[in-house]
J.: 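Please see the structure below; I have some questions.
In what follows, every heavy atom counts, from backbone to side chain, and hydrogens, waters and symmetry copies are set aside. Treat the numbers as computed from the prediction; the structure is a model and nothing was measured.
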Amino acid sequence: MAFVDCSDLRTRFATAIKTLSGFTESRNPFDDFNRNPNAVAQKRFSVGIGRGEALEEQRENASVGILCDTRILVKFPYRLRPKDQVLDYGLSMDSVQLVIAKCTTRAAPLHTGLQIFFRGFDHEVTESGEYIISTLEFSVLHQISII
């Protein structure tokens, strides 16, 4: 396994998701999410780095690095139209499945030097009821450099 930095993980996921129809990357950081104007909010995703931890106790050696399990979080809103909310709810679930499929299908460059596992997803309808925000979690096994 080659060294893959956390910033590179985030970029690889974002690049892969951008290839899906209708998905664009938010200009805002992950934790400051959903401040996009309504005109562009639909499928405006953000990728963040969640918890990262070393797998088992390891000797920290510069030539080997550290084997890590890093959580990648993907968040995006899907618009719920007033007259088609149930239909749009279903379409938002389809969009979640598209992102899962894109991120777990073994292909370069996303999977190069990594192992990616889907962990779960969650949904939240905004207070206004206009959007459902989906958050997906992936677990990535990779080595980080310590030099």
Side-chain angles (χ1 to χ4, degrees), residues 1-55 60 62 65-147:
M1 212 179 265
F3 296 131
V4 181
D5 297 329
C6 289
S7 61
D8 192 32
L9 285 178
R10 196 211 68 74
T11 301
R12 286 187 192 188
F13 270 81
T15 301
I17 296 167
K18 279 189 234 180
T19 65
L20 295 171
S21 178
F23 281 83
T24 56
E25 188 173 11
S26 175
R27 295 181 192 174
N28 300 321
F30 181 83
D31 291 334
D32 193 19
F33 189 71
N34 207 23
R35 290 191 331 162
N36 297 297
N38 281 351
V40 296
Q42 171 80 343
K43 296 185 184 178
R44 193 81 182 243
F45 73 92
S46 184
V47 178
I49 303 291
R51 180 177 170 79
E53 59 188 357
L55 289 183
E60 286 148 0
I66 300 172
L67 183 60
C68 288
D69 178 2
T70 301
R71 301 300 163 91
I72 300 293
L73 303 168
V74 177
K75 227 183 227 190
F76 66 91
Y78 196 97
R79 187 164 188 271
L80 299 174
R81 296 170 293 172
K83 294 182 180 180
D84 290 316
Q85 288 193 339
V86 173
L87 173 66
D88 288 341
Y89 179 82
L91 293 172
S92 76
M93 300 301 118
D94 293 345
S95 293
V96 165
Q97 283 186 239
L98 286 174
V99 173
I100 293 167
K102 185 65 174 183
C103 295
T104 57
T105 300
R106 294 205 54 80
L110 177 58
H111 284 259
T112 304
L114 311 174
Q115 290 185 14
I116 299 173
F117 306 94
F118 172 68
R119 307 264 315 163
F121 60 85
D122 194 15
H123 308 285
E124 176 185 345
V125 176
T126 60
E127 282 186 33
S128 68
E130 188 174 358
Y131 288 95
I132 183 168
I133 299 177
S134 298
T135 304
L136 295 81
E137 183 177 352
F138 298 88
S139 181
V140 179
L141 299 179
H142 65 111
Q143 283 180 291
I144 59 171
S145 173
I146 56 173
I147 17 182

J.: Between Ile146 and Gly65, which heavy-atom pair has the shortest distance, and what is it?
T.: CG1-CA, 4.4 Å
J.: As an exercise, state the distance from CG of Asp8 to CZ of Phe3, rounded to the nearest 0.5 Å.
T.: 13.5 Å
J.: Measuring only between side-chain heavy atoms, which start at C-beta, is Phe30 closer than 4.5 Å to Lys75?
T.: yes
J.: Give the minimum heavy-atom separation between Ser26 and Ser46, together with the two atoms involved.
T.: CB-CB, 4.4 Å
J.: Return the CG to CD distance between Leu136 and Gln97, rounded to the nearest 0.5 Å.
T.: 10.5 Å
J.: Is a side-chain N or O of His142 found less than 3.5 angstrom from the main chain of Val4, in a donor-acceptor match?
T.: yes
J.: Which heavy atom of His123 sits nearest a heavy atom of Ser134, and at what distance?
T.: ND1-OG, 2.9 Å
J.: For the residue pair His111 and Arg12, establish whether any side-chain heavy-atom pair is separated by less than 4.5 Å.
T.: no
J.: State whether the number of non-hydrogen atoms from other residues, nucleotides or ligands found under 6.0 Å of Glu127 atom CD is greater than 12.
T.: no
J.: Between Val74 and Phe121, does the side-chain contact (heavy atoms from CB on, under 4.5 Å) criterion hold? Intermediate values first, please.
T.: CA-CA 9 Å; Val74 177; Phe121 60 85; over 6 Å; no
J.: In the structure I gave you, are the side-chain heavy atoms of Val47 and Leu73 within less than 4.5 Å of one another anywhere?
T.: no
J.: Kindly say whether Glu130 contributes a backbone atom to a donor-acceptor pair with the side chain of Arg79 at under 3.5 angstrom?
T.: no
J.: Do side-chain atoms of Arg71 reach the backbone of Gly50 as a donor and acceptor pair under 3.5 angstrom?
T.: no
J.: Give a yes or no answer on whether the side chain of Thr112 reaches the backbone of Ala108 with a donor-acceptor pair at less than 3.5 Å.
T.: no
J.: Do Val125 and Gln85 have side chains that get closer than 4.5 Å, going by heavy atoms?
T.: no
J.: Got a donor-acceptor contact below 3.5 angstrom from the Thr105 side chain to the Lys102 backbone?
T.: no
J.: I need the Leu98 CG to Leu20 CG distance, nearest 0.5 Å.
T.: 6.0 Å
J.: Go through Arg10 and Glu25 one step at a time and tell me if the salt bridge (charged side-chain N to carboxylate O under 4.0 Å, His left out) criterion holds.
T.: CA-CA 12 Å; Arg10 196 211 68 74; Glu25 188 173 11; 2.8 Å; yes
J.: Rounded to the nearest 0.5 Å, what separates atom CZ in Arg106 from atom CG in Leu114?
T.: 8.0 Å
J.: Is there side-chain contact between Phe13 and Cys103, with heavy atoms separated by less than 4.5 Å?
T.: yes
J.: Are the aromatic ring centres of Phe138 and Phe117 under 6.0 angstrom apart?
T.: no
J.: Mark yes or no for whether Ser95, through its side chain, and Leu91, through its backbone, hold a donor-acceptor pair below 3.5 Å.
T.: yes
J.: Checking ring pair (Phe, Tyr, Trp, His ring centres under 6.0 Å) for the pair Tyr78/Tyr131: CA distance, chi angles, key distance, verdict?
T.: CA-CA 5 Å; Tyr78 196 97; Tyr131 288 95; 8.7 Å; no
J.: Can you tell me how far apart SG (Cys68) and CD (Gln143) are? Round to the nearest 0.5 Å.
T.: 9.0 Å
J.: Ile66 and Ala54: which non-hydrogen atoms are nearest, and at how many Å?
T.: CG2-CB, 3.8 Å
J.: Determine whether Ile132 and Tyr89 make a side-chain contact, defined as any pair of heavy atoms from C-beta on separated by less than 4.5 Å.
T.: yes
J.: Is the backbone N or O of Arg81 less than 3.5 Å from a side-chain atom of Asp88, with the two atoms forming a donor-acceptor pair by type?
T.: yes
J.: Do Asp69 and Ser139 have a side chain donor and acceptor closer than 3.5 Å?
T.: yes
J.: Out of curiosity, Leu9 CG to Ile116 CD1, how far, rounded to the nearest 0.5 Å?
T.: 8.0 Å
